[in-house]
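Sequence lines set the chain letters: A, B, ... in the order given, protein chains first and strands last, and positions in each chain run from 1.
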2 protein chains.
Amino acid sequence: MDKDKISEALEQAEAGRPTLKTLAFMTGLGVTTVSRALKDAPEIGAETRRRVQLVAKQIGYRPNRAGVRLRTGKTNVISLVLDTEEQVGGFVSDMIYGISEALAATPYHLIVTPYSRNNDPLEPVRYVVETASADGIIISRTEPDDKRVRYMSERGFPFATHGRTDMGIEHPYHDFDNYAFAVEAVRKLAALGRRRLALLAPPANLSYYHHMRNGFADALVDCGLSEVPFPAATVDHSIEHIRARTTELMNRRLRPDGIVSGASASAFALVAGVEDAGLGIGTDLDIVSKQSSRLLHLLRPQLYVVNEDVRLAGAELARAVMGRIAGAPVISLQSLNRPTTVEAHTSQQK
Amino acid sequence: MDKDKISEALEQAEAGRPTLKTLAFMTGLGVTTVSRALKDAPEIGAETRRRVQLVAKQIGYRPNRAGVRLRTGKTNVISLVLDTEEQVGGFVSDMIYGISEALAATPYHLIVTPYSRNNDPLEPVRYVVETASADGIIISRTEPDDKRVRYMSERGFPFATHGRTDMGIEHPYHDFDNYAFAVEAVRKLAALGRRRLALLAPPANLSYYHHMRNGFADALVDCGLSEVPFPAATVDHSIEHIRARTTELMNRRLRPDGIVSGASASAFALVAGVEDAGLGIGTDLDIVSKQSSRLLHLLRPQLYVVNEDVRLAGAELARAVMGRIAGAPVISLQSLNRPTTVEAHTSQQK
DNA sequence: CTCGCAATCTGTAACGTTTCAGTATAGAAA
DNA sequence: TTTCTATACTGAAACGTTACAGATTGCGAG
């Protein structure tokens, strides 16, 4: 062993974090051997392997991410692409917790890549792909014909979507079954004797709009109910907007006696709007809402809710991207979350 | 110019992203010169600088993060250390949006480093510092004597805290003035003729517990009111817990006729608990609550609220860490957000 | 004319990792 | 003995960047 090497390695060990060179010096092996021993390569002797791994653990060796990334191109990063105009009280925190949970035992880090709804949603995706700043991407607000999905598919870039598409491309996704949700909701209202229903739907460009709408429409037919159109508001609109439009709706000649709300935060606005019109939930009409926090029916026990587990969705999506990166078959990375049954407040006395 | 170099550079340009080598080839300059020209080094001719920068922009050159990171140790990453047990409907999304906003025009990426409240809060911080996986850290749930603050200070690692400390260490922070909030809240209740107040406080280990408590206590004295102790619940407890404890509180012989709530989500539980006891907000008692979303008084217009702008806090914290990294004087990186005045619902008719 | 010096530019090495193309050794086959 | 092969290991090169230590040029001063 050269004098050069020894002094180099000693300097190493004195100061900062251990590197492969440090380990090589301590074990008396070559850097290459150490690198291979740590990743259980077959051409390393069993005893050597154990020895290296032991020393590595002892001195707390952790591979330098920049080194790996530069050499291999692997970033060990998952990017969550987020719309920063998302509703307040939004589900984003839960989503992040879910993803973190799934990433915790892996070498992956989670990085948040924001964009504004006003800008091109493709832009953040293109940025990540072009600069190769992550190994995989998670997106939401999926559209039936989604150009982000097309873009990433064409380039073979791993991703998972929160929501399904309808463009003949198989890809990993996790979705809440909004069709089933709408069906359940309508059935519940029918069972309560309601006849004329309205739907506070998602914006029409998103995939789950169609699922929810179809479920709503099919169940209406099924139960022999009629619809009161309510296209003026979507769950994406501001609280104030939804509230005002709802009041208008309730002041029409033929107002609904049941409403299905497609999102949690918007249900707050919906309730306020209904009450602005002087009507009572549970008396003049009933409401079934999706709920991602558990706060909604604390203050309006008369509401019926269906819980959507966003944290689970996050975990599922993270697993899906990682699966895709690892080369798992796409079909095995698609999952659909069935809604729980419609839930009334426990201490509800109507 | 060697043949070697030319062919190398050509291969470069054909395939992937442009690198400094590509730029060097295109401009006919050396790699070093290009590198320096791009960062406006003084020893580069004005014309050369312009030429390099033009070509770089034209072909969309973006420095390879791994290369920079490996060479310089600079990650261009800010880590947000998050407690994943945080209340649902939490403020985390807004915080992230705020941070993203401030980071948007910079080279910084945001990475989320989670930990569970049950584990050692120092652990994620130590991980980031030891592996140098970020240039700066943002933490919340700050304690008066915070070991994370001590740890990072001792190592000179840049950070900013959401909340202040009290340990004789100057560091960047952003905080909401919870003392002022509590004072305002008590004054409001006093003005409404309330006499016996309770406080739904933060957990006692956190810094803002003390601020809020002191404000509450001082204002009580000031207004000549008395306190009904309510130590059984904190804003960190589960919805169900707060709700049940509140009901107990309201069934006591001497129950409060006014409550100050230190957080948004917990106010929902508080209201539910009060109403479980058969009492009415605005009649039997009044409540003043902090609010980070705008949903709370949609359903209980009788509530009084003070808005806390968490998005702003996020942006402020991001600016603070970046300032610290850039070497700005610490004192200039400390900010306190005064609460807005107590707000009643606009269409409130009592 | 030469020297010194400022102004510009350049090659090499290094950051920590993995991959490629070996080398050394020992035992088996010829 | 020689040759071959499998096993266990190794050095050098490369990923893209920046820092260090020059190199080249032009020009005014001596």
Side-chain angles (χ1 to χ4, degrees), chain A residues 1-2 4-5 7-9 11-13 15-25 27-52 56 59 61-76 107 130-133, chain B residues 1-2 4-5 7-9 11-13 15-25 27-52 56 59 61-76 107 130-133:
Chain A
M1 197 182 283
D2 313 63
D4 272 13
K5 277 194 199 167
S7 65
E8 254 186 274
E11 276 170 43
Q12 260 296 332
R17 320 166 42 187
T19 70
L20 287 181
K21 213 194 295 188
T22 323
L23 281 180
F25 176 66
T27 55
L29 296 164
V31 175
T32 306
T33 312
V34 172
S35 171
R36 279 149 115 103
L38 287 176
K39 48 175 56 73
D40 288 321
E43 62 267 67
I44 301 295
E47 207 241 340
T48 307
R49 198 202 324 280
R50 274 192 302 114
R51 201 157 57 90
V52 171
I59 66 173
Y61 167 77
R62 288 181 181 276
N64 179 307
R65 307 192 121 232
V68 176
R69 181 164 167 179
L70 181 57
R71 178 65 234 240
T72 65
K74 172 130 211 217
T75 62
N76 284 307
E130 281 181 0
T131 65
S133 54
Chain B
M1 199 182 286
D2 313 63
D4 272 13
K5 278 195 198 166
S7 65
E8 253 187 277
E11 275 170 44
Q12 261 296 332
R17 317 167 43 188
T19 70
L20 286 181
K21 213 194 297 189
T22 323
L23 281 180
F25 176 66
T27 55
L29 296 164
V31 175
T32 305
T33 311
V34 173
S35 170
R36 280 152 115 100
L38 286 176
K39 48 175 57 73
D40 288 320
E43 62 268 67
I44 301 294
E47 208 241 341
T48 308
R49 197 199 329 277
R50 274 193 304 112
R51 202 156 58 88
V52 171
I59 66 174
Y61 168 76
R62 289 181 180 276
N64 179 307
R65 307 191 121 231
V68 176
R69 182 163 165 179
L70 180 57
R71 178 66 236 243
T72 64
K74 170 130 212 212
T75 63
N76 284 307
E130 280 182 0
T131 63
S133 53

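Proximity note for R71(A) (side chain, C-beta onward) versus dA14(D), dT10(D), dC9(C): the nearest is dA14(D). Of the candidate nucleotides dT18(C), dT17(C), dC9(D), dT17(C) has the atom nearest to the side chain of N64(A). Considering only side-chain atoms of L29(B), the nucleotide from dT10(D), dT18(D), dC9(C) that sits closest is dC9(C).
Atom CZ of R69(A) is separated from atom C1' of dA14(D) by 18 Å (rounded to the nearest Å). In this structure, NZ of K74(B) is placed 17 Å from C1' of dA19(D), rounded to the nearest angstrom. The interatomic distance linking R65(A) (CZ) with dT18(C) (C1') rounds to 17 Å, in whole Å. Between the CG atom of L38(B) and the P atom of dT17(D) there is a distance of 9 Å, given to the nearest Å. As rounded to whole Å, 14 Å separates atom C1' of dA19(D) from atom CG of L70(B). Rounding to whole angstrom units, CZ of residue R51(B) and C1' of dC9(C) are separated by 12 Å. Separating the NZ atom of K21(B) from the C1' atom of dT12(C) is a distance of 14 Å, rounded to the nearest angstrom. Distance L20(A) CG to dT19(C) P: 12 Å, rounded to the nearest Å.
Using a 4.5 Å cut-off on side-chain heavy atoms (C-beta onward), L23(A) and L38(A) make contact.
Applying the 4.0 Å criterion to OP1 and OP2 of dT10(C), one finds that T33(B) has a side-chain N or O inside that range. Contact check, S35(B) against dT18(D): a side-chain N or O comes under 4.0 Å of OP1 or OP2. A sub-4.0 Å separation between OP1 or OP2 of dC9(C) and a side-chain N or O of T48(B) is present. At dG16(D), none of the side-chain N or O atoms of Y61(B) fall inside 4.0 Å of OP1 or OP2 (strictly under the cut-off).
Here A132(B) pairs with nothing under the side-chain contact (heavy atoms from CB on, under 4.5 Å) rule; sequence neighbours left out. In this view, S133(A) and T131(A) satisfy the side-chain hydrogen bond (donor to acceptor under 3.5 Å, both in side chains) rule, not counting sequence neighbours. Under the salt bridge (Lys or Arg N to Asp or Glu O under 4.0 Å) criterion, R36(A) pairs with E43(A), not counting sequence neighbours.
Mapping R36(B) and A66(A) onto DNA chain C by nearest heavy atom places R36(B) at the nucleotide closer to the 5' end.
The stretch residues 39-47 of chain B comes close to DNA chain C through E43(B), I44(B), G45(B), each having a heavy atom under 4.0 Å from the strand.
Over its length, the helix from dC1(C)-dG30(D) to dA30(C)-dT1(D) turns its helix axis by 80°, as judged from the five terminal pairs at each end, rounded to 10°.
Across all non-hydrogen atoms, the minimal contact from T75(B) to R65(B) is O-NH1, 3.6 Å. Nearest approach of R49(A) to A37(A), heavy atoms of both residues: CG-O, 3.5 Å. Considering every non-hydrogen atom in both P63(A) and R17(A), the closest pair reads O-NH2, 3.6 Å. When every heavy atom of A24(B) is checked against every heavy atom of V34(B), the shortest pair comes out as CA-CG2, 3.7 Å.
For CZ of R62(B), the number of neighbouring non-hydrogen atoms (other residues, nucleotides, ligands) closer than 6.0 Å is 12 at most.
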Nucleotides 25-28 of chain C: which of its N/O atoms have a protein N/O under 3.5 Å away?
none

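Between the CG atom of L29(A) and the CZ atom of R51(A) there is a distance of 5.0 Å, given to the nearest 0.5 Å. With rounding to the nearest 0.5 Å, the separation of OG1 in T19(B) from CG in N64(B) is 9.0 Å.
Across T27(A), I44(A), V52(A), L20(A), a single residue satisfies side chain to side chain contact (heavy atoms under 4.5 Å, CB included) together with T33(A), and that is I44(A).
When heavy atoms are screened at a 4.0 angstrom cut-off, G30(B) is found touching the sugar-phosphate backbone but no base atom.
Taking only distance into account, the side chain of T32(A) meets the base of dT19(C) through a donor-acceptor pair shorter than 3.5 Å.
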